[in-house]
A.B. asks: 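First the structure, which I've put down as structure tokens, then a few questions once you've had a look.
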Amino acid sequence: MKLFFHIIFGILFLYLLYLVSFSALNGEVIFSNDVARNFLLLQELDEKKIVLIGPRSSTQGLFYSSFLTYFNYPAYLIGQGNPVIVAWFWVFVSLIVFITSFFMVRKLFGTIAASFYVLIIAAKLVPKSSEIFEPMAMYWVMPVFLFTIIEYVRTKKLMYLIGHIISLSIFIHLSIGIGLQFLILSFTIIFYIVFESRKWKHLLSFLIIPVSLINIILFDIKYGFGMTKALLGTGSATRFFVSIPDWIGGRVHHATSLQLLDSQNFLWIPIFLTVMFFTYLSIKKDKKSRHIYILFLLYYFGYMTLSYFNKGILLVHYIYLLIPFTAMWLVSFLNGKYKTAFIPIVLVVLLLNIQFAQNFTKNLKASYIGKVQDSWVGLSNTARDIAKTYEGKEFGYYVFAPDAYAYQPRYAMLYHFKKEGAKAFEYKKMETTLVIAQAPPSNDKYMDYKWWVKVPVRIANEPKSIKDFPNGYKVLEYKLTKDEQKIPHDITIELGIHFR
């Protein structure tokens, strides 16, 4: 029976690893604004070599750390800027996470629980595996974060506490807001354990955090504690960005869904109630594992409670990292007297997520790859076509996107024009000048390139030709006289991302 289980596990694991790497195998990266921005930052790091801070966050005045930029940099160098090579690096890191997670969960809950845990987090990773930005990296760190605090509470060993503090530091690097919430929870729990055990020297481990965040601290001091003020302002804000019923309803849904199933599947209701009931029983009757389930409750509902400071909707990056947390909570019941009750629940969760992963990859191949504006394949095809069309000829070009940032087409053009040796000059008017324009959003067709070309770019004449691409982009070719070439564009349209 054990051999049969191991064979089935091995087959499913290899299949899910294939699905995780599906995008990379097809040369695809979901090249959203955030992902494209991160590659522009890598490009800037390649030029400057040393940077202190990362991109702006969604909260005014807050910045991400440069941790992820440095983390991706070796793969960026190896691939000479190719996002697909970085995507393969992330597949490799994901494999390392699966393997290490297996051994950590096996130590806590046994082989069966560890096997199902790896399969669930692998299946849940598939839709995000080709998005190279912060939420996926936090997903990787969560198993270590949980394992180390569980083992520290059980053993009181310093090495587990240090591992936990390091994982906390990484959370803060990847998202200051999320990291500080977990810091509040962990410090409260650890202080209680230290107080009970009288191991006061263990509190010195928290010095790891300011040391690891020295780049952010120096940046904040240099710019008048702007990030500190922004954090305090976020915490003290009273105005809601959505209606209060929607705000409450969203949090209740996220808390009770456990992030284990698609939001349209109402099986999450009985699953949540079952998990809560058996958590209560475990705390009441199982002295050996009581601390584990208390930690699950404290961290999960503590995190959701602290989300009060976020007055808007909970975006995917805010809850995605909880999947490895809730998956560990679910599979923990496979180790003990409640195994029989939870085997069918875990199987249903796993099979539904495998089905979702399969559908995702099918949809990716059928309607995404090369066909939408965030497709790296589509952007690459557009850039290569331009380079081939104007091979050996000098041309200036401008990139346009309705959001005014145009990170995706800008990086694609910079990368491919350099790779193909195109004689292309960004933000420069020449006899042949191109405008590479992203399609307007479907709900507002007037947010197109026309006004932008005439006003800030200051090209008044009509394009000589317009070429449409399957991903919705248009390439407009203008022929400019020497006098027209001398008309300067509005300098504010030059899109730069600058570290400070």
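Here, residue 1 is the first one in the sequence, and each next residue gets the next number.
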A.B. asks: Can you confirm whether Leu352 sits close enough to Leu267 that some side-chain heavy atom of one is under 4.5 Å from a side-chain heavy atom of the other?
C.D. replies: yes
A.B. asks: Filter on salt bridge (charged side-chain N to carboxylate O under 4.0 Å, His left out), then keep only pairs touching residues 12-36, sequence neighbours left out; what's left?
C.D. replies: Asp34-Arg37
A.B. asks: Just how far is it from atom CD1 of Ile150 to atom OG1 of Thr155, taken to the nearest 0.5 Å?
C.D. replies: 11.5 Å
A.B. asks: Could you check whether the rings of Tyr76 and Tyr411 sit parallel, tilted or perpendicular, using 30° and 60° as the cut-offs?
C.D. replies: tilted
A.B. asks: Is the closest side-chain donor-acceptor distance between Asp374 and Tyr368 under 3.5 Å?
C.D. replies: no
A.B. asks: Measure up the Tyr18 and Phe22 rings against each other and bin them: parallel (under 30°), tilted (30 to 60°), perpendicular (over 60°).
C.D. replies: perpendicular
A.B. asks: In Å, rounded to the nearest 0.5 Å, how long is the span from CD of Gln408 to OG1 of Thr382?
C.D. replies: 12.0 Å
A.B. asks: So, using salt bridge (charged side-chain N to carboxylate O under 4.0 Å, His left out) as the criterion, who are the partners of Glu426 when residues are at least two apart?
C.D. replies: Arg410
A.B. asks: Pair Phe342, Phe278 - check ring-ring contact (aromatic ring centres under 6.0 Å, His included), show working.
C.D. replies: CA-CA 10 Å; Phe342 272 87; Phe278 283 99; 5.3 Å; yes
A.B. asks: For the residue pair Leu298 and Leu185, establish whether any side-chain heavy-atom pair is separated by less than 4.5 Å.
C.D. replies: no
A.B. asks: Can you list everything that forms a side chain to side chain contact (heavy atoms under 4.5 Å, CB included) with Ser257? Sequence neighbours excluded, please.
C.D. replies: His253, Gln259, Trp268
A.B. asks: With heavy-atom distances below 4.5 Å as the criterion, would you say the side chains of Val35 and Ile30 are in contact?
C.D. replies: no
A.B. asks: If you draw a 6.0 Å radius around NZ in Lys49, do more than 12 non-hydrogen atoms from other residues or ligands fall strictly inside?
C.D. replies: yes
A.B. asks: Grab the two heavy atoms, one from Tyr318 and one from Ser307, that are nearest each other, plus how far apart they are.
C.D. replies: OH-CA, 3.3 Å
A.B. asks: Give a yes or no on whether Ile50 atom CD1 has more than 12 heavy-atom contacts from other residues, nucleotides or ligands under 6.0 Å away.
C.D. replies: no
A.B. asks: Kindly determine whether Asn38 and Tyr407 satisfy side chain to side chain donor-acceptor pair (under 3.5 Å), including the steps that lead there.
C.D. replies: CA-CA 9 Å; Asn38 286 348; Tyr407 292 151; over 6 Å; no
A.B. asks: Taking only residues two or more places apart in sequence, or in another chain, which ones meet Asp286 in a side chain to side chain contact (heavy atoms under 4.5 Å, CB included)?
C.D. replies: Lys288, Ser289
A.B. asks: Just to verify, what does Asp385 make a salt bridge (charged side-chain N to carboxylate O under 4.0 Å, His left out) with, not counting sequence neighbours?
C.D. replies: Lys467
A.B. asks: With sequence neighbours excluded, what pairs up with Trp376 under the ring-ring contact (aromatic ring centres under 6.0 Å, His included) test?
C.D. replies: Phe31, Tyr415, His416
A.B. asks: Please answer whether the main-chain N or O of Leu42 pairs with a side-chain N or O of Asp46 as donor and acceptor at a distance below 3.5 Å.
C.D. replies: no
A.B. asks: A side-chain contact here means heavy atoms from C-beta on lying under 4.5 Å apart; do Ser167 and Phe182 qualify?
C.D. replies: no
A.B. asks: Might you point out which heavy atoms bring Ile121 and Pro324 nearest each other, and give the distance in Å?
C.D. replies: CG2-CA, 4.0 Å
A.B. asks: Without swapping roles, check the side chain of Tyr300 against the backbone of Ala255 for a donor-acceptor pair under 3.5 Å.
C.D. replies: yes
A.B. asks: How many angstroms lie between CZ in Phe296 and CG in Leu330, if you round to the nearest 0.5 Å?
C.D. replies: 10.0 Å
A.B. asks: Take Glu151 and Leu108 through the test side chain to side chain contact (heavy atoms under 4.5 Å, CB included) and record every step on the way to the result.
C.D. replies: CA-CA 9 Å; Glu151 286 298 277; Leu108 294 175; 3.4 Å; yes
A.B. asks: Please determine whether side chain to side chain contact (heavy atoms under 4.5 Å, CB included) holds for the pair Phe98 and Leu16, giving the CA-CA distance in whole Å, both sets of side-chain angles, and the decisive distance to 0.1 Å.
C.D. replies: CA-CA 11 Å; Phe98 298 152; Leu16 287 170; over 6 Å; no
A.B. asks: As a quick check of understanding, evaluate side chain to side chain contact (heavy atoms under 4.5 Å, CB included) for Tyr303 and Ile178, giving each step before the final call.
C.D. replies: CA-CA 9 Å; Tyr303 181 77; Ile178 290 173; 3.6 Å; yes
A.B. asks: Testing the basics here: between Val105 and Met328, what is the closest heavy-atom pair and its distance to 0.1 Å?
C.D. replies: CG2-CE, 3.9 Å
A.B. asks: Rounded to the nearest 0.5 Å, what separation is found between the CD1 atom of Ile294 and the CD1 atom of Ile283?
C.D. replies: 5.0 Å
A.B. asks: Can you find a pair of side-chain heavy atoms, one from Leu414 and one from Leu40, that are under 4.5 Å apart?
C.D. replies: yes
A.B. asks: How would you list, by chain and number, every residue that makes a side-chain hydrogen bond (donor to acceptor under 3.5 Å, both in side chains) with Tyr473, sequence neighbours excluded?
C.D. replies: Gln438
A.B. asks: Is there side-chain contact between Ile85 and Phe89, with at least one heavy-atom pair below 4.5 Å?
C.D. replies: no
A.B. asks: Shortest non-hydrogen contact from Ile120 to Ala327?
C.D. replies: CG2-CB, 4.0 Å
A.B. asks: Is the number of heavy atoms from other residues, nucleotides or ligands under 6.0 Å of Phe206 CZ greater than 12?
C.D. replies: yes
A.B. asks: Using side-chain heavy atoms (C-beta onward) and a distance below 4.5 Å, is Leu213 in contact with Phe67?
C.D. replies: no
A.B. asks: Which heavy atom of Ala123 sits nearest a heavy atom of Ile354, and at what distance?
C.D. replies: CB-N, 4.2 Å
A.B. asks: Please identify each residue that fulfils side-chain hydrogen bond (donor to acceptor under 3.5 Å, both in side chains) with Arg290, with sequence neighbours left out.
C.D. replies: none
A.B. asks: Please name all residues satisfying salt bridge (charged side-chain N to carboxylate O under 4.0 Å, His left out) with Arg384, sequence neighbours left out, ordered by chain then number.
C.D. replies: none
A.B. asks: Check side chain to side chain contact (heavy atoms under 4.5 Å, CB included) between Ser115 and all other residues, then give those that pass, not counting sequence neighbours.
C.D. replies: Phe5, Phe9, Phe102, Thr111
A.B. asks: For Ser186, give me all partners under side chain to side chain contact (heavy atoms under 4.5 Å, CB included), at least two apart in sequence or on another chain.
C.D. replies: Phe145, His164, Leu168, Ile190, Tyr299
A.B. asks: Going by salt bridge (charged side-chain N to carboxylate O under 4.0 Å, His left out), name the pairs with one or both residues in residues 117-129, residues two or more places apart or in two chains.
C.D. replies: Lys128-Glu131
A.B. asks: Evaluate whether atom CZ of Phe92 has more than 12 neighbouring non-hydrogen atoms of other residues, nucleotides or ligands under 6.0 angstrom away.
C.D. replies: no
A.B. asks: I'd like to know if the side chain of Asp403 pairs up with that of Asn33 as donor and acceptor (distance under 3.5 Å, no hydrogens or angles considered).
C.D. replies: yes
A.B. asks: If you measure from CD on Gln181 to OG1 on Thr305, what distance do you get to the nearest 0.5 Å?
C.D. replies: 10.0 Å
A.B. asks: Quick check: do Phe333 and Thr274 have side-chain heavy atoms less than 4.5 Å from each other?
C.D. replies: no
A.B. asks: To check you understand the geometry: which heavy-atom pair defines the closest contact between Ser205 and Leu161, and what is its length?
C.D. replies: OG-CD2, 3.6 Å
A.B. asks: Just verifying a value: how many Å separate Leu258 CG and Phe325 CZ, rounded to the nearest 0.5 Å?
C.D. replies: 9.5 Å
A.B. asks: For side chain to side chain donor-acceptor pair (under 3.5 Å), just list the numbers for Ser332 and Tyr293, CA-CA rounded to whole Å, side-chain angles, deciding distance to a tenth of an Å, and then say yes or no.
C.D. replies: CA-CA 9 Å; Ser332 69; Tyr293 293 99; 2.9 Å; yes
A.B. asks: Kindly determine whether Ser66 and Val51 satisfy side chain to side chain contact (heavy atoms under 4.5 Å, CB included), including the steps that lead there.
C.D. replies: CA-CA 7 Å; Ser66 54; Val51 296; 3.9 Å; yes
